[in-house]
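What follows is a short report on a single structure.
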Number of protein chains: 2
Amino acid sequence: MSWGLEHLPYGVFSRNEGETPRVGVRYGDHVLDLAGALHDEVFATGSLNAFLSRGPAAWRDTRAVIQNKLGTDRTAVEAHLIPLDQVTLHLPIEVADYVDFYCSLEHASNLGRMFRPDEEPLKPNWRHLPVGYHGRAGTVVVSGTPVVRPSGQRGAAVFGPSARLDIEAELGFVVGAPTALGDRAGRFEDHVFGVTLVNDWSARDIQAWEYVPLGPFLGKSFATSISPWITPLAALSQARVEGRRQEPEPLGYLRRQEPWGLDLRLEVAVNGEVVSRPPYRDMYWTPDQMLAHMTVNGASLRTGDLYASGTVSGAEPDERGSLIELTWNGTEPLKLPDGSSRTFLEDGDTVTITATAPGPGGTVITLGEVSGTVEPAR
Amino acid sequence: MSWGLEHLPYGVFSRNEGETPRVGVRYGDHVLDLAGALHDEVFATGSLNAFLSRGPAAWRDTRAVIQNKLGTDRTAVEAHLIPLDQVTLHLPIEVADYVDFYCSLEHASNLGRMFRPDEEPLKPNWRHLPVGYHGRAGTVVVSGTPVVRPSGQRGAAVFGPSARLDIEAELGFVVGAPTALGDRAGRFEDHVFGVTLVNDWSARDIQAWEYVPLGPFLGKSFATSISPWITPLAALSQARVEGRRQEPEPLGYLRRQEPWGLDLRLEVAVNGEVVSRPPYRDMYWTPDQMLAHMTVNGASLRTGDLYASGTVSGAEPDERGSLIELTWNGTEPLKLPDGSSRTFLEDGDTVTITATAPGPGGTVITLGEVSGTVEPAR
């Protein structure tokens, strides 16, 4: 069975309008209502945050209890298994801070070539630290939320709807256990609860005009979509791989202690047609390094912090995780099977990002998809 | 009396350890406990957010009721006036998203000259839009919180405590009334509740190495201090002035409808000695323009969003709001009256930012100060 005991991702659902959403895990085509099944009100609070704040020992124990109940004590929880088609899925976490990194060597190089054709594609700092910046936490939305085409300045005295609306296929990491101000984070798995797919929608014309010298702002802040399902790190044990070799060797605080590269294969589909298959395992900076970097200055973590990898792009042309790379800045339109072509997104287009990873015993972990449809500018 | 009926800023206080903090307004040397005085539990929730979410009509009504009670019905509220020296002040808002702008022509020009000496100081976009970026909401702290000197990368393979720790004197704006995703904000005063002083602590060496191409990150994210007191816009009616003349004329969505320039005079003191007097009225972009820009792409506002002006620097050398400008990148040390000199901050230094504004009938509004002391790196 897909979505079996080896996976059990967490989400937030409701059955009826007006009901306070509750935490559940996905099991096959059902959601297990955890507040009911485990008699614990921490799961009746509308988001995963209260549960996440209990920390890694509680995460492990809860997973073991759920696996045991579903695997050997099924009748006891039968009443709390709700068919997926009877629920509405919500944003699974209250996002505290949102940080977006830039960890693909190929993506950073491609963007550098396009945005700054007269310079070296990579800035001098890129191989020394995982470059990142803060995004807008308040516009992180759950998969399925329509994305209104943003308007803005696209150049000096040029205003209107973005004509270069793009996507970025990314992997996001959800922080469960916080740190105090002034401290650094400890081990990755003691702070990070799990992963989710992210679409960092990007208006390239707005971004190109605004981003110097303080970075992207309105070109990104209109919407960032995430999957309704958070896959716990515990489900990805078979997907862990050594990270990509780094040259020069990073400074001590960035040195990898354990393998936290992840063998995830992403797929990006436009209107149902796969246009790219980005390989996460080829990312230059691994998520443990991102966490160490983000907190090396003493910045505190909060439960619900979300940080994302940046666009996942591989070395091959059909492994690029954004349209600006896939169409090389719009100069090489993508042909879709329906006969149309795309440089950037048109109104009505639906973009869906999926991913799989090796699970235990030859199983396959299928991450919850993230999908969104473009609505016309208002 | 200072801090009289014309001001009445809002804060959050507690009297005893472990007590849930409550909302109060400052009146002279007292705090009026609003939950008690107004019999309204919205003020017993630990932050201003629940009250702010009620919107501008409620803000006006509440201010009128408080002014009336304190002015004409004093005996009825006497029991709820608590001496300031008996309370602890807390972070007044739960910060949702934090955005920092870059609205001083002089500051942006000065920084451009220092960070990019071979280029035009202002980027081509600067006179067309208020440049801004997202900061870390989770490390916004209340005045008085110690600031641990951050460590980080200060260049290729160079790691250690920041040797160029700086401040930025700014004015912050607190959003009360939210917008829906996809919408734009309406009138400034229908969304923004009030203002607070901000110290955007900055590690210049970390910032200079990391900030290309995605903007400042760890050079800023270790701490941003705000005053414990939020001054409502209603208290600043006498401080409103036309904004500075803009050339070229901004696009329609950025055109000023009403005067929201503010005649605030800031003072920056290091260890009690005033080193700068930045004039807020000379800022190029006004806060109504920042709000319009931040939401023109449909990004939603949440109650508790905080956005800041960027460093307030005037045209004169002693009107600059950061040490990097006051010492011209460390080349012209400041002499302090105790005989010492400063380029950047030393451990143990205390920085305090204050401000005054004209109030009604010749009174003076004194904003709540923001102060912080540097602790050694850990």
Side-chain angles (χ1 to χ4, degrees), chain A residues 96-100 102 112 115-116 123-125 128-129 131-139 141 145-146 148 150-153 156-157 159 162 181-183 203 206 209-219 221-223 248 251-253 293-294 296-302 305 375 378, chain B residues 96-100 102 112 115-116 123-125 128-129 131-139 141 145-146 148 150-153 156-157 159 162 181-183 203 206 209-219 221-223 248 251-253 293-294 296-302 305 375 378:
Chain A
D97 271 299
Y98 167 51
V99 169
D100 197 18
Y102 197 51
F115 274 68
R116 298 175 294 277
K123 294 286 185 184
N125 57 17
H128 293 274
L129 52 80
V131 169
Y133 69 104
H134 286 92
R136 192 164 186 82
T139 52
V141 297
T145 305
V148 178
S151 292
Q153 290 194 35
F159 182 88
S162 171
L181 190 67
D183 287 350
I206 296 171
W209 171 236
E210 75 177 355
Y211 90 104
V212 284
L214 302 184
F217 184 39
L218 300 184
S221 67
F222 57 96
L251 286 169
Y253 80 92
H293 187 62
M294 187 162 51
V296 71
N297 68 344
S300 47
L301 296 173
R302 289 184 292 172
D305 281 349
E375 290 191 348
R378 286 186 190 163
Chain B
D97 271 298
Y98 167 52
V99 169
D100 197 18
Y102 197 51
F115 275 69
R116 297 174 295 277
K123 294 286 185 184
N125 57 17
H128 293 273
L129 52 80
V131 169
Y133 69 104
H134 286 91
R136 192 164 186 82
T139 52
V141 297
T145 306
V148 178
S151 292
Q153 290 194 33
F159 181 88
S162 172
L181 190 67
D183 286 351
I206 296 171
W209 171 236
E210 75 177 354
Y211 90 105
V212 284
L214 301 185
F217 184 38
L218 300 185
S221 67
F222 56 95
L251 286 169
Y253 79 94
H293 188 62
M294 187 162 52
V296 71
N297 68 343
S300 46
L301 296 172
R302 289 183 292 171
D305 281 349
E375 291 191 348
R378 287 188 189 163

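Given the structure is predicted, the values throughout are model-derived calculations rather than measurements.
Heavy-atom pairs under 4.5 Å with chain B peak, among A:G112, A:A96, A:G138, A:P216, at A:G138. With chain A as the partner, the residue from B:G152, B:G182, B:G298 showing the most heavy-atom pairs under 4.5 Å is B:G182. By number of non-hydrogen pairs under 4.5 angstrom with chain A, the leading residue of B:E210, B:H128, B:R302 is B:H128. Between chain B and the residues A:S162, A:G215, A:P150, the largest count of heavy-atom pairs under 4.5 Å involves A:G215. Note: B:L251 leads B:V148, B:L251, B:L301 in heavy-atom pairs under 4.5 Å with chain A. Note on B:L129, B:V131, B:T145, B:T139: by heavy-atom pairs under 4.5 Å with chain A, the leading option is B:L129. Taking A:P146, A:A203, A:A157, A:P213 one by one and counting their heavy-atom pairs under 4.5 Å with chain B, the maximum is reached by A:P213. Contact tally against chain A (heavy-atom pairs below 4.5 Å) for B:D183, B:N125, B:V99: the top residue is B:N125. Annotation: maximal heavy-atom pairing with chain B below 4.5 Å, among A:G252, A:G219, A:A137, A:P124, occurs at A:A137.
Contact annotation for B:Y102: only side-chain heavy atoms (C-beta onward) come within less than 4.5 Å of a heavy atom of chain A. Neither the backbone nor the side chain of B:P248 comes within less than 4.5 Å of any heavy atom of chain A. Proximity to chain A is limited to the side chain of B:D305, based on heavy atoms less than 4.5 angstrom apart.
Listed here is the closest heavy atom pair of A:R136 and B:S300: NH2-O, 3.0 Å. The two atoms that bring A:S221 and B:N297 nearest to each other are OG-ND2, 2.9 Å, heavy atoms only. Taking both residues in full, the closest heavy atoms of A:Q153 and A:W209 are given as OE1-NE1, 3.1 Å, listed atom of the first, atom of the second, then distance. For the residue pair A:L218 and B:M294, the shortest heavy atom distance occurs at CD2-O, 3.5 Å.
The line from CD1 of A:I206 to OH of A:Y211 is 15.5 Å long, rounded to the nearest 0.5 Å. Separating the CG atom in B:L214 from the CG atom in A:L214 is a distance of 11.5 Å, to the nearest 0.5 Å.
Taking the six-membered ring where tryptophan is involved, the planes of A:Y253 and A:H293 are essentially parallel, since the angle between them stays under 30° and well short of 60°.
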